[in-house]
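Only one structure is covered here, and it is reproduced in the block below.
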Amino acid sequence: MDNLEIANILNQIADLMDIKGENTFKINAYRKAARAIEELAENINEIYSKDKLKEIPGVGESIAEDIKELIEKGKCQRLKSLKEKIPAKLSELMDIKGLGPKKVAFLYKKFKITTVPQLKKLIGSHKLKKLFGWGEKSEQNILEGINLYKRFKERFPLGQIYPYAIALKEKLKKMPFVEQIEICGSFRRRKETIGDLDILVTSKNPKKMIDFFVNLPEIEKVNAKGATKVNVILKQGARRQNGVEADLRVVKPENFGAALHYFTGSKSHNIQIRKMGMERRLRINEYGVFKIKNHPVIRPGAPSNDGAKSKIKNLLRIGGREEKDIFRAVGLPFIPPEIRENEGEIEAAQKNNLPHLIKEKDIKGDLHLHSNWSDGENSILEIAKTCQKRGYQYMAITDHSSPLGIINGLNPSRILKQIETIKKINKKLRNFYIFSGIEVDINKDGSIFLPNKILKKIDLVVAGVHSSFRLSKEQMTKRVIKAIQNLNVDILAHPTGRLINKREPYEIDISAIIKEAQRTKTILEINAFWSRLDLNAPNARLAKENEVKLVISTDAHSLNHLNYLTFGVDTARRGWIEKKDVINTLSLNELLKFLKRKG
DNA sequence: GCCGTTTTCGGCCCGACTGTTTTCAGTCG
């Protein structure tokens, strides 16, 4: 069982306990552990074999025991006994918007509802609305929830939603009544997938602002509308972004910083910051930082002082206009949004040891590009001119060399021809250099598709897996290790082969690959194409910790794809990557020197 | 169930909105 499977089971346990009506904090403990495991870079089976399960934050005695059972037997007693009391299918009903644990439990107890079709039928009979606490609206809302259920199952890849979100932001910026605006949430943290858009604005007239917003042509449906908050579904965009959900929140200018921090998250980062505030007798919420005055100290461990917290009225506001006010209040420097995941950034900030995250402008060239010699759309010269316009000093043309016919790969004689062509173009260009490169397939047995005598003539060899994805983990790991042991291989492309929302990463022991990359001085790629983002952020961080150099490359097949660099940089930043970790931040001369190091 | 720089018990983030109610529970983020 892998990390995701274990996390899913823990989440299911939490859902079923929720429906059963167990203690909320116990349920949250399971959800917290599930989340921690989902975000682990290391494979949980390895952690288990080292007997270090309890070192995962949020995993204690009981949950470690559950995980152990799951790994050893593929099942666990706790889930089994829950399933005996509550049908497992009920946890799926909770994915329907508007249905939480209490309603699902009620529907099951009263009507034995366990599936979506049964629920639809029940609503059709109008038995629900006659019951105490349910009405016409409840029926309608559940029905709408069912219709949206499938549509919202998947999160949207960042790159798919990005242009759409930016356009909406620019449009809102020009709206009357809008002062400051920012899209917060996972979008601002630049997660690889986005569930919805959290739009934060300041306005002197929130009511008019909201009325204006809900009438925009981009809005398909208004789900909820209040004085300061509105939830809508956006219309399909030109690029298939069907019905993204958006929350718009209006705050006063003096609250902007606090709200920005609050709505950017992540949730567990925020909880941590609030806890630190509480230790300093501060209350931190989306309206600002408040000092608690004239109030008896609540000692942890002292007899509980029921209701004491809710009676706090003497709050003195000490900040919140700017985001840094929040950090300053708890004695921290500003933490960039991309690393606000409660994955050590708060501890690093406390020690004044935050990474100086790489920036897009640090990138001096693109080292994974396809021209019309293979499956790209543009000529080498066109690409070079565009790269030069972007301010780059160099690029590498890395067309395919592959047994796969569809990508029009280069054979040795075309490679030699291309090298000559690049030499000629280089003579024409000023202050710019084109590396002759290749993206060559790693064969099933780990050998390289091209002979070494050809590879030696190429400036930059990028090797990648493009076929036989379904090997066992041992075979795949061995295959890739053998490939990077080849002294002519400079870069390992998209090391896990995943396609976001489409294809899982192939089975591979990524920490073994990272260790071997360190030993053989092979560079690992962060492929910036938004459907790949591979290495992902946790793996990039693991590579950095093992002193492996990285390259951020677009894998562009057209000029427009060069813009995807930004998503690669985002991913690197989420992985705590600094300029010095990335080879295409080097100047041309530095890079030329650097590339001689292997072999 | 987890956690602990007041550490083995007591606390665990918290506010907005909806639908139904007439003071609040449920859901969401």
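Small disclaimer: the values here were computed from a predicted structure and weren't measured.
The cationic group of A/Lys112 lies under 6.0 Å from the six-membered ring centre of A/Tyr108 and within 45° of the ring axis, placing it in a cation-pi geometry. Under the 6.0 Å distance and 45° angle rule, A/Lys103 counts as a cation-pi partner of A/Trp134. Annotation: cation-pi pair A/Arg340/A/Phe263 absent, no NZ/CZ under 6.0 Å from the ring centroid and within 45° of its normal. For the pair A/Arg190 and A/Phe187, the distance from NZ or CZ to the six-membered ring centre is under 6.0 Å and the angle to the ring normal is within 45 degrees.
The separation of B/dC2 from B/dT8, taken at their C1' atoms, amounts to 12 Å, rounded to a whole angstrom. Of the C1' atoms belonging to B/dG26 and B/dT21, the separation is 13 Å, rounded to the nearest Å. To the nearest whole angstrom, the two P atoms, one in B/dG19 and one in B/dC9, are 47 Å apart. Between the C1' atoms of B/dT6 and B/dG11, the separation comes to 14 Å (whole Å). When the P atom is used for both B/dG10 and B/dC17, the distance is 37 Å, rounded to whole Å. Straight-line distance between the C1' atoms of B/dT5 and B/dG1: roughly 23 Å, to the nearest whole Å.
Put simply, CZ on A/Arg280 is 13 Å from P on B/dT6, counting in whole angstrom units. Taking atom NE2 of A/His269 as the reference point, atom C1' of B/dG29 lies 16 Å away to the nearest angstrom. Put simply, CD on A/Glu245 is 9 Å from C1' on B/dC28, counting in whole angstrom units. Here the P atom of nucleotide B/dA16 and the CG atom of A/Asn255 are 11 Å apart, to the nearest Å. If you measure from atom CG of A/Asn231 to atom P of B/dA16, you get 16 Å, rounded to the nearest angstrom.
Pairing partner, B/dT8: none, since no Watson-Crick or wobble contact has both distances short of 3.5 Å.
Partner of A/Glu139 under the side chain to side chain donor-acceptor pair (under 3.5 Å) criterion, out of A/His126, A/Lys127, A/Lys129: A/His126 alone.
Remark on DNA chain B: of its neighbouring residues A/Gly133 and A/Ile27, the 5'-side contact belongs to A/Ile27, judged by nearest-heavy-atom nucleotide.
Between A/Glu192 and A/Asn536, some side-chain heavy-atom pair lies under the 4.5 Å cut-off.
Ring to ring, A/Tyr262 and A/Tyr287 are not that close: their centroids are 6.0 angstrom or more apart. Between A/Trp530 and A/Tyr162, the ring center distance fails the sub-6.0 Å criterion.
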Which atoms of nucleotides 25-27 of chain B (N or O only) lie under 3.5 Å from a protein N or O atom, and what are those distances?
| unit_1 | atom_1 | unit_2 | atom_2 | d |
| --- | --- | --- | --- | --- |
| B/dT27 | OP1 | A/Gly100 | N | 2.9 |
| B/dT27 | OP1 | A/Gly100 | O | 3.3 |
| B/dT27 | OP1 | A/Lys103 | N | 2.9 |
| B/dT27 | OP2 | A/Lys102 | N | 3.2 |

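Comparing B/dC14, B/dG29, B/dT20 by their closest approach to the side chain of A/Lys137 singles out B/dT20. The side chain of A/Asp198 has B/dG29 as its nearest neighbour among B/dG15, B/dG29, B/dC2.
Residue A/Ser138 places no side-chain N or O under 4.0 Å from the OP1 or OP2 atom of B/dT18. The side chain of A/Thr24 places no N or O atom within less than 4.0 Å of a non-bridging phosphate oxygen (OP1 or OP2) of B/dC12. In terms of phosphate contacts, A/Arg78 brings a side-chain nitrogen or oxygen within less than 4.0 Å of OP1 or OP2 of B/dG1.
A/Asn255 and A/Arg317 are linked by a side-chain donor-acceptor pair at a separation below 3.5 angstrom, with hydrogens and angles left out of the test.
Checked by distance alone, A/Tyr262 brings no side-chain donor or acceptor within 3.5 Å of a matching partner on the base of B/dG15.
In the region residues 8-19 of chain A, proximity to DNA chain B at under 4.0 angstrom, judged on heavy atoms, holds for none of the residues.
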Please output the side-chain donor-acceptor pairs of residues 74-82 of chain A that fall under 3.5 Å, not counting sequence neighbours, one pair per line with the distance.
| unit_1 | atom_1 | unit_2 | atom_2 | d |
| --- | --- | --- | --- | --- |
| A/Arg78 | NE | A/Tyr30 | OH | 2.6 |
| A/Arg78 | NE | A/Asp66 | OD1 | 3.4 |
| A/Arg78 | NE | A/Asp66 | OD2 | 2.9 |
| A/Arg78 | NH2 | A/Tyr30 | OH | 3.4 |
| A/Ser81 | OG | A/Gln77 | O | 3.1 |
| A/Ser81 | OG | A/Arg78 | O | 3.2 |

